[in-house]
K.L.:
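Shown below is the structure under consideration.
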2 protein chains.
Amino acid sequence: MGPAVLDQSLCFAVYSAGLAFNRVYKPILEPLGLTYPQYLVMVALWEAEGQSVSELGEHLFLESNTLTPLLKRLEVAGLITRARDKADERQVRVSLTEKGRRLLAEAACVPGQILQATGLTVEQLRQLQRAIAGLRDNLRA
Amino acid sequence: MGPAVLDQSLCFAVYSAGLAFNRVYKPILEPLGLTYPQYLVMVALWEAEGQSVSELGEHLFLESNTLTPLLKRLEVAGLITRARDKADERQVRVSLTEKGRRLLAEAACVPGQILQATGLTVEQLRQLQRAIAGLRDNLRA
DNA sequence: TGCGATTAAATCGTGTGCGATTTATATTTC
DNA sequence: GAAATATAAATCGCACACGATTTAATCGCA
């Protein structure tokens with residue numbers, strides 16, 4: 001191990017950038033009553049309502065052991081409903097409540113605030129996003 | 001929210017890449033008996049032994065509420081010792097045990113395995129590391 | 001010198017992540 | 001069509017993260 005190994009490690013950069021993002025999101029999402037993973041679920045549902053737990057998991061790279069408790073908290077918060085699929089009762093369909101739909105308007109300003117905090121231009125951001133998503137896909141392969 | 005908002009979001013890319021890294025590290029670190037955050041602490045200590053909890057936290061971007069329990073687990077595992085600083089008893093100095101020092105040899109192959117999993121060249125990796133570390137530093141500013 | 005302010009860890013409660021297992025439903029296969 | 005298999009969620013236990021508070025030691029300054 002040479003000097004400053006951590007400082008030069010890609011995985012640590014990703015890890016610590018994740019922590020930093022979380023800390024930036026926290027005060028922004030707090031007025032909405034959401035944690036960052038909960039916000040991700042809401043974003044996924046604003047895009048496509050009625051997804052099953054597995055489908056949500058495919059989009060978020062999470063499984064039911066993480067999603068089920070999180071979804072229950074969103075349900076308690078009155079933002080979503082969870083109901084067994086009539087055609088296949090193994091699946092649970094997740095839908096938005098009216099309150100959950102209304103939250104979209106309040107959340108509209110979030111991406112802009114985050115963009116500002118990154119200190120990047122839109123073009124830099126797009127490029128970095130692609131590189132990191134590619135890295136993630138490599139890691140998952 | 002347009003289509004595939006998540007897929008185009010930088011923060012989600014960082015978040016999901018972090019998850020993916022964690023999953024790659026898990027089976028590699030399991031034989032060493034370490035989690036990824038524990039591995040980071042060990043790397044920091046292999047670089048500089050005798051750091052206080054705060055100093056470790058500055059390197060890892062963590063605080064005592066996270067580090068204290070983690071360090072206690074490393075202590076129980078026999079890899080480190082924790083002792084109050086004689087000159088300033090508020091601080092706790094973290095040192096390696098002989099077992100902790102020996103683990104460095106076993107961990108030597110880890111970075112190579114990770115590099116392989118990223119599917120990147122060393123030069124691509126270095127560039128991406130710099131970009132993400134820069135992003136993190138912007139977010140922390 | 002003494003006492004209020006500061007600093008360093010630790011503690012506590014909540015919310016993720018995830019491996020392993022369990023439960024319930026659907027599908028396959030004989 | 002019944003038993004074996006497969007699939008979807010849920011459950012459980014453990015280890016982070018982190019805001020908020022507490023405890024203990026040191027510092028600062030009148």
Side-chain angles (χ1 to χ4, degrees), chain A residues 12 14-30 32-42 51-58 60-77 80 82-94 140, chain B residues 12 14-30 32-42 51-58 60-77 80 82-94 140:
Chain A
F12 178 67
V14 171
Y15 168 78
S16 54
L19 296 180
F21 257 128
N22 209 1
R23 287 165 198 162
V24 169
Y25 264 107
K26 193 153 291 204
I28 294 175
L29 293 180
E30 204 251 51
L32 308 187
L34 295 175
T35 65
Y36 180 60
Q38 288 168 7
Y39 169 72
L40 292 179
V41 167
M42 293 303 290
Q51 294 183 68
S52 69
V53 174
S54 300
E55 286 168 342
L56 277 173
E58 279 165 35
L60 302 177
F61 304 106
L62 294 172
E63 292 178 35
S64 68
N65 53 3
T66 297
L67 283 173
T68 297
L70 188 159
L71 292 170
K72 283 184 177 176
R73 282 186 280 271
L74 288 178
E75 190 176 35
V76 168
I80 65 166
R82 301 182 317 127
R84 291 278 165 185
D85 187 318
K86 280 287 187 297
D88 182 347
E89 294 229 327
R90 290 174 301 180
Q91 297 184 34
V92 166
R93 297 271 158 209
V94 183
R140 293 178 53 81
Chain B
F12 178 67
V14 170
Y15 168 78
S16 54
L19 295 181
F21 257 128
N22 209 1
R23 287 165 197 162
V24 169
Y25 264 107
K26 193 153 289 203
I28 294 175
L29 293 180
E30 203 251 53
L32 308 186
L34 295 175
T35 66
Y36 180 61
Q38 288 169 7
Y39 170 72
L40 293 179
V41 167
M42 293 303 291
Q51 294 182 69
S52 69
V53 174
S54 300
E55 286 169 342
L56 276 173
E58 280 166 35
L60 302 177
F61 304 106
L62 294 172
E63 293 178 36
S64 67
N65 52 5
T66 297
L67 283 173
T68 297
L70 188 159
L71 292 170
K72 284 184 177 176
R73 282 185 281 272
L74 288 178
E75 190 176 34
V76 168
I80 65 166
R82 301 182 317 128
R84 292 276 165 187
D85 187 317
K86 279 289 186 295
D88 182 348
E89 295 229 327
R90 290 174 302 183
Q91 297 183 35
V92 166
R93 297 270 158 210
V94 183
R140 293 178 54 79

K.L.:
Using a 4.0 Å heavy-atom cut-off across all strands, classify R93(A) as base, sugar-phosphate, or nothing.
P.N.:
nothing
K.L.:
Find the distance E58(A):CD to dT7(D):P and express it as a whole number of Å.
P.N.:
13 Å
K.L.:
I want to check one thing: is the phosphate of dC16(D), taken as OP1 and OP2, less than 4.0 Å away from some side-chain N or O of Q38(B)?
P.N.:
yes
K.L.:
Rounded off to whole Å, could you give me the NZ-to-C1' distance for the K26(B) and dA15(D) pair?
P.N.:
8 Å
K.L.:
At their closest point, which heavy atom of R23(B) faces which heavy atom of F61(A), and how far apart are they?
P.N.:
NH2-O, 2.6 Å
K.L.:
What's the shortest heavy-atom distance between V14(A) and G18(B), and which atoms?
P.N.:
CG1-N, 3.6 Å
K.L.:
Grab the CD-C1' distance between E89(A) and dT7(D) for me, whole Å please.
P.N.:
15 Å
K.L.:
Considering only heavy atoms, which members of residues 65-77 of chain A lie under 4.0 Å from some atom of DNA chain D?
P.N.:
N65(A), T68(A), K72(A)
K.L.:
Look up atom CG in L56(B) and atom CG in L70(B), then write down how far apart they are to the nearest 0.5 Å.
P.N.:
9.5 Å
K.L.:
Report the distance from atom CZ of R23(A) to atom C1' of dG19(D), rounded to the nearest whole Å.
P.N.:
12 Å
K.L.:
First contact, last contact: which nucleotides of DNA chain C are these for chain B, 5' to 3', heavy-atom distance under 4.0 Å?
P.N.:
dT7(C) to dG19(C)
K.L.:
Should dA30(D) form a Watson-Crick or G-U wobble pair with both distances under 3.5 Å, which nucleotide is its partner?
P.N.:
dT1(C)
K.L.:
Find which nucleotide of DNA chain D each of E55(A) and K86(B) is nearest to by heavy atoms, and output the residue with the more 5' nucleotide.
P.N.:
E55(A)
K.L.:
So, do Q91(B) and K86(B) sit near enough that their side-chain heavy atoms are less than 4.5 Å apart?
P.N.:
no
K.L.:
Classify the ring geometry of Y36(A) against Y25(A): parallel below 30°, tilted from 30° to 60°, perpendicular beyond 60°.
P.N.:
tilted
K.L.:
If the cut-off is 4.0 Å, is Y36(B) near the phosphate of dA15(D), judged by side-chain N/O to OP1 or OP2?
P.N.:
no
K.L.:
Testing the basics here: between R140(A) and A20(B), what is the closest heavy-atom pair and its distance to 0.1 Å?
P.N.:
CG-CB, 4.1 Å
K.L.:
I need the CZ-P distance between F12(A) and dC16(D), as an integer number of Å.
P.N.:
15 Å
K.L.:
If you assign T35(A) and S64(A) each to the DNA chain C nucleotide with the nearest heavy atom, which residue ends up on the more 5' nucleotide?
P.N.:
T35(A)
K.L.:
In this structure, which one of L34(B), T35(B), L71(B) forms a side-chain contact (heavy atoms from CB on, under 4.5 Å) with V41(B)?
P.N.:
L71(B)
K.L.:
Mapping L19(A) and S52(A) onto DNA chain D by nearest heavy atom, which one lands closer to the 5' end?
P.N.:
S52(A)
K.L.:
Does a side-chain N-to-carboxylate-O contact under 4.0 Å join R82(B) and E75(B)?
P.N.:
yes
K.L.:
Would you mind reading off the distance between E63(A) atom CD and dT11(D) atom C1', rounded to a whole angstrom?
P.N.:
14 Å
K.L.:
Nearest whole angstrom, please: distance from the P of dC27(D) to the CG of D88(B).
P.N.:
6 Å
K.L.:
At their closest point, which heavy atom of A87(B) faces which heavy atom of D85(B), and how far apart are they?
P.N.:
N-OD1, 2.7 Å
